[in-house]
Amino acid sequence: MIALALTLVVLAVVFGAIERRWGIRRERRRGRFTDLVYWLTIPVISKVSSVIAFALAAIGLALLVGGSPDGAFAYVARASWFAERSLGLQVVLVLVTADFVGYWVHRAFHRGRLWRFHAIHHSSKDLDWLSSIRVHPINDIVQRALQALPILAMGFDPRVVAAGVPLFALYGLLLHANVPWSFGPLRYVIASPAFHRWHHTSEAVGLDTNFAGLFPIWDLVFGTFHLPPHAPRSFGVSDAIPDGFIGQMTWPFRARVPLDAYASTPHVASSDRTHHLLPSRSGQAHSAKTR
């Protein structure tokens with residue numbers, strides 16, 4: 001708890017300075033207390049969920065190849081072509097693989113019953129670096145386990161895999177920062193705060209776009225890239241999600257499947273967008289906008 005508190009203070013100073021200098025203006029920051037509770041609880045839960053996710057992935061792979069649960073971690077630590085590559089190359093390959101899988105898992109969480117867990121992350125009405133910590137544990141465990149499967153199957157050095165987890169978490173803080181940075185010509189190469197803010201904007205405006213956590217190439221290739229020159233003005237979801245931590249933890253288990261907000265809310269028109277059909281959360285088709 002002391003380490004979490006000290007880390008919070010350091011990050012608050014760093015990101016506070018960044019957002020004061022380059023931040024997008026807002027009147028007040030709603031939900032700060034809830035996010036502070038997340039900060040003091042979710043990292044502890046996340047450590048446990050990481051162990052659970054990697055254990056499930058390792059045991060599943062071991063059983064799949066004819067092994068046993070007892071030999072799961074021996075299977076993970078086996079010699080492989082990937083493990084023999086340089087650590088630098090392995091880091092790059094792990095990041096690309098994890099981000100590609102994460103893109104599709106992220107899209108899956110925007111559909112059907114999975115949306116109820118992921119909607120918690122989208123419930124922030126004001127987006128900044130602290131918003132990144134608002135993640136339901138079920139969302140966290142499922143995503144980590146599915147991302148771990150191909151990485152463990154390919155036999156990367158476990159040290160590289162372990163190093164990738166905090167890297168994604170730290171970059172997630174920057175992605176949610178309240179700044180308009182798009183990284184200029186690199187906006188198509190690396191995910192930026194401007195890119196991710198459009199993912200969090202209201203459903204009627206952003207729809208289901210910008211799912212990548214590191215490399216926007218996946219959104220460009222699969223038709224979900226959306227980065228207009230101006231910044232989004234509103235965030236959140238149409239679901240009536242409670243404001244408090246306990247309420248948000250229990251809401252996915254007691255809420256009905258969310259209604260499709262797209263049918264009743266007008267879309268924002270723009271001449272520089274093309275439209276691609278994607279299945280909606282209710283299973284019908286809706287239009288996703290790309291630039």
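Atom set for the values below is all heavy atoms of this structure, side chains included, hydrogens, waters and symmetry mates excluded. Just so we're clear, the structure is a prediction, and the values are computed from it rather than from any experiment.
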Please answer: with hydrophobic residues joined when any side-chain heavy atoms are less than 4.5 Å apart, are Leu174 and Ile24 in the same cluster? no

Given His226, which of Phe211, Phe195, Trp198 fulfils the ring-ring contact (aromatic ring centres under 6.0 Å, His included) condition? Trp198

Side chains of Phe183 and Tyr188: closer than 4.5 Å at any heavy-atom pair? no

With Tyr38 via side-chain hydrogen bond (donor to acceptor under 3.5 Å, both in side chains) - residues at least two apart: Gln248

What closest approach, in Å, do Asp219 and Ala212 show between heavy atoms, and which atom pair accounts for it? OD2-N, 3.0 Å

Out of curiosity, Leu175 CG to Ser131 OG, how far, rounded to the nearest 0.5 Å? 12.0 Å

Suppose we screen for ring-ring contact (aromatic ring centres under 6.0 Å, His included). Which residues come up paired with Phe215, at least two apart in sequence or across chains? none

If we only count heavy atoms from C-beta on, is the Phe245 to Leu40 side-chain gap below 4.5 Å? no

When rounded to the nearest 0.5 Å, the distance separating OG1 of Thr209 from CG of Leu227 is 9.5 Å

With rounding to the nearest 0.5 angstrom, report the CG to CD1 distance, Leu146 to Ile141. 11.5 Å

Connected via hydrophobic side-chain network under 4.5 Å: Val9 and Val37: no

Heavy-atom closest pair, residues Pro137 and Ile42: CG-CD1, 4.3 Å

Compare all side-chain heavy atoms of Ile18 with those of Trp22 and state whether any distance is below 4.5 angstrom. yes

Provide the closest heavy-atom pair for Pro216 versus Ala191 in the form atom of the first, atom of the second, distance. CD-N, 3.4 Å

Nearest atoms (heavy-atom pairs only) where Phe225 meets Arg187: CE1-O, 4.2 Å

Are Arg29 and Asn178 packed together at the side-chain level, in the sense that at least one heavy-atom pair is separated by less than 4.5 angstrom? no

Calculate, to the nearest 0.5 Å, the distance between atoms CG and CZ belonging to Asp243 and Phe33 respectively. 12.0 Å

Arg197 pairs by side-chain contact (heavy atoms from CB on, under 4.5 Å) with which of Pro232, Pro180, Ser192? Pro232

My understanding is that only residues two or more places apart in sequence, or in another chain, count here; which of them pass side-chain contact (heavy atoms from CB on, under 4.5 Å) with Val135? His121, Asn139, Asp140

Phe235: which other cluster members, linking ILVMFWY side chains closer than 4.5 Å, directly or transitively? Leu127

Among residues two or more places apart or on two chains, list those pairs meeting salt bridge (charged side-chain N to carboxylate O under 4.0 Å, His left out) that have a residue in residues 227-236. none

Trp251 and Ala240 have their tightest heavy-atom pair at NE1-O, 3.5 Å

Is there a side-chain contact between Val13 and Val10 in this structure, where contact means two heavy atoms from C-beta onward sitting under 4.5 Å apart? no

Is the shortest heavy-atom distance from the side chain of Leu130 to the side chain of Leu11 under 4.5 Å? no

With sequence neighbours left out, write down each residue that passes side-chain contact (heavy atoms from CB on, under 4.5 Å) with Phe100, or none if nothing qualifies. Trp104, Trp218, Phe222

Is there a side chain to side chain contact (heavy atoms under 4.5 Å, CB included) between His122 and Trp115 once you walk through the steps? CA-CA 10 Å; His122 281 262; Trp115 168 248; 4.1 Å; yes

The side-chain contact (heavy atoms from CB on, under 4.5 Å) partners of Leu87 (sequence neighbours excluded) come to Gln90, Asp157, Arg159, Val160

Non-hydrogen side-chain atoms of Val94 and Phe82 separated by less than 4.5 Å: no

My understanding is that only residues two or more places apart in sequence, or in another chain, count here; which of them pass side-chain hydrogen bond (donor to acceptor under 3.5 Å, both in side chains) with Arg30? Asp126

Set of side-chain hydrogen bond (donor to acceptor under 3.5 Å, both in side chains) partners for Asn210, sequence neighbours left out: none

Just by distance, with hydrogens left out, do Arg134 and Thr34 show a side-chain donor and acceptor under 3.5 Å apart? no

Where do Ile241 and Ile120 land on the side chain to side chain contact (heavy atoms under 4.5 Å, CB included) test, with the steps shown first? CA-CA 7 Å; Ile241 298 176; Ile120 301 302; 3.9 Å; yes

Rounded to the nearest 0.5 angstrom, the CG-OH distance for Asp99 and Tyr171 is 10.0 Å

When you compare the side chain of Ile151 with that of Val101, does any pair of heavy atoms fall below 4.5 Å? no

Nearest heavy atoms of Pro193 and Ala177, plus distance in Å: CB-O, 4.0 Å

Is the ring pair His176/His196 parallel, tilted or perpendicular, if the boundaries are 30 and 60 degrees? perpendicular

Contacts of type ring-ring contact (aromatic ring centres under 6.0 Å, His included), residue Phe15, not counting sequence neighbours: Trp129

NE2 (His118) and CD (Gln143) are apart, to the nearest 0.5 Å, by 7.5 Å

Test item: Arg107 side-chain N/O and Tyr103 main-chain N/O as donor-acceptor pair under 3.5 Å: no

side-chain contact (heavy atoms from CB on, under 4.5 Å) filter on Leu114, not counting sequence neighbours, yields Ala108, Phe109

Does the distance from a Lys or Arg side-chain N to an Asp or Glu carboxylate O, for Arg116 and Asp239, drop under 4.0 Å? no

Name all residues meeting the side-chain hydrogen bond (donor to acceptor under 3.5 Å, both in side chains) criterion together with Ser182; count only those two or more places apart in sequence or in a different chain, and write none if there are none. none

